[in-house]
Amino acid sequence: MNSIVDSRTPSAVADAERWTAHNYHPLPVVISEAQGAWVTDIDGRRFLDFLSGYSALNFGHRHPKLIAAAHAQLDRLTLTSRAFIHDQFAEFCHRLADLTGQELVLPMNTGAEAVETAIKVARKWGYQVKGVPDGQAKIIVAADNFHGRTTTIISFSTDDDARADFGPYTPGFQIVPYGDLTALADAVDDFTVAVLLEPIQGEAGVLVPPDGYLRGVRELCDRRNVLFLADEIQSGLGRTGMTFAVDHEGVRPDMHIMGKALGGGIVPVSAVAASREVLGVLKPGEHGSTFGGNPLSCAVAIEVIKLLETGEFQRRSAELGGLLHEQLRALIGRGVTAVRGRGLWAGVDIDPSIMSGREASEKLMARGMLAKDTHGVTVRLAPPLVIEEDEIRWAVRQLAEVIGAA
Ligand SMILES: *Cc1c(COP(=O)(O)O)cnc(C)c1O
């Protein structure tokens, strides 16, 4: 059935390459259907999804409750713009404020827009509340960060691919090494309005900071009257075994930045949540989005938050993540040089003398498992949180066989 002659994949791959900008280097698979942790391609082959749309699909593909919420809302109301209020808006904001322990919520669409919102709000807070002289606000970020693709955000990227030839760059950012509290403390000055961090760096290879780092950032920010902006776009909403990655250190940031899984894998939904003192600096006309907080987005996100309120997905990620990490660690020294991560989220470094992360991802694909490399040697594993124990065991066995450890 899957003979080369009958396969529709090669020409579909060629078409996709022919008609699009080459800003991605996708694996040569053309997906047409999905359910739960599995996707099916146009040739009828099934693959276990170990990427989950970079954690946009934490609840799996087409979770029945999320699909039902989307269908019901499509039949009633899809868009009003924020010029008017709709009947899903308050419930979404209220539930998300409760989930984060914050007072106010501002919805947007993509992750990058939520990060831009955080930057604008922090600067405004700096001028209006902290009293930083006009135009002097400084935001401290970490090396190897990933916060999105806008011109301001790539201005403080340390990844040459993301940054080169896109200048001139937005000033007002200082970069310090990730996980280094002393370097961070040294960088804070009277003009510093915020520290913007991923609690676990995803694109950098699922880098978990040293124990106590996030708590230390919290204490430093309290001491120096600086906002702690936590980019939980990839690490949040159950991925690490708790609702947010900062929860592992019992830390509440001044702002939660959320995206990806908030839209349930159906619509782009992002948001920031913060105190009244912080988000209250915005007045009508100063910031906005045509689609942000639209009825369809809110209806889906309300259902996402309800799923998280059950605690089931956090529990699955913690328990099954324990199994995943235990099994992956057993491969260290047998083709794997390092394993990092938390919950159902792992960065696996492949010994470069055996193969690259890309080669490993291609070989996994040939065996029915979809994962993606990052930064040369790392394969990133982040299955939907609905994955089953035997599927995890099967997936690690595929990886072991691909790198010759089985
Ligand atoms: C994906 C991601 C973003 C950007 O989100 P988009 O929806 O792609 O704009 C920002 N920060 C982190 C940590 C991410 O993983």
Side-chain angles (χ1 to χ4, degrees), residues 21 23-24 26 51-58 100 106-122 139 141-159 161-163 166 170 173 175 178-179 194-209 214 217 228-240 243-246 253 255-273 289 291-294 297 300-301 304 340-347 371-375 378 380-382:
N23 59 329
Y24 279 89
L51 183 67
S52 306
Y54 299 100
S55 290
L57 289 154
N58 281 2
T100 53
L106 198 173
M108 301 294 284
N109 310 282
T110 66
E113 283 174 295
V115 172
E116 288 277 351
T117 301
I119 291 167
K120 288 172 74 175
V121 168
I139 295 176
V141 299
D144 300 319
N145 68 73
F146 183 84
H147 296 289
R149 301 295 197 168
T150 66
T151 39
T152 286
I153 292 171
I154 57 98
S155 293
F156 54 86
S157 172
T158 56
D159 175 358
D161 289 341
R163 188 174 191 273
F166 296 127
T170 307
F173 300 94
I175 301 165
Y178 186 64
V195 174
L196 168 63
L197 292 172
E198 298 156 84
I200 291 178
Q201 287 191 325
E203 299 299 308
V206 196
L207 295 187
V208 182
L214 300 174
V217 173
F228 178 8
L229 314 174
D231 181 344
E232 292 267 12
I233 291 169
Q234 194 166 158
S235 57
L237 310 183
R239 176 50 62 189
T240 64
T243 305
F244 295 102
V246 289
M255 189 180 286
H256 287 80
I257 308 172
M258 296 158 284
K260 293 203 166 103
L262 193 55
I266 299 174
V267 274
V269 185
S270 68
V272 301
S289 159
F291 285 89
N294 69 71
S297 295
V300 171
V304 163
R340 296 170 301 273
R342 211 163 235 167
L344 280 172
W345 198 18
K372 195 72 169 60
D373 56 298
T374 180
H375 293 280
T378 306
R380 183 176 20 191
L381 302 180

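Just so you know, ligand 1 is whichever comes first in the structure, and atom 1 is the first atom listed for that ligand.
- Heavy atoms only, all atoms of each residue included: Phe146 and Glu198 are closest at N-OE2, 2.8 Å.
- Counted within 6.0 Å of CZ on Arg149, heavy atoms from surrounding residues, nucleotides or ligands total 12 or fewer; the atom is thus considered open.
- Gly236 approaches Asn58 most closely through the heavy-atom pair O-ND2, 3.6 Å.
- Listed by chain and number, Thr110, Gly111, Ala112, Phe146, His147, Gly148, Glu198, Asp231, Ile233, Gln234, Lys260 each place a non-hydrogen atom less than 4.0 angstrom from ligand 1.
- Partner Trp345 forms a side-chain contact (heavy atoms from CB on, under 4.5 Å) with one of Val208, Leu381, Val206 and no other, that one being Val206.
- Applying the side-chain hydrogen bond (donor to acceptor under 3.5 Å, both in side chains) criterion to Ser155, with sequence neighbours excluded, gives no partner residue.
- Of the residues listed (Gln234, Lys260, Arg380, Arg239), the one engaging Ser55 in a side-chain hydrogen bond (donor to acceptor under 3.5 Å, both in side chains) is Arg239, and it is the only one.
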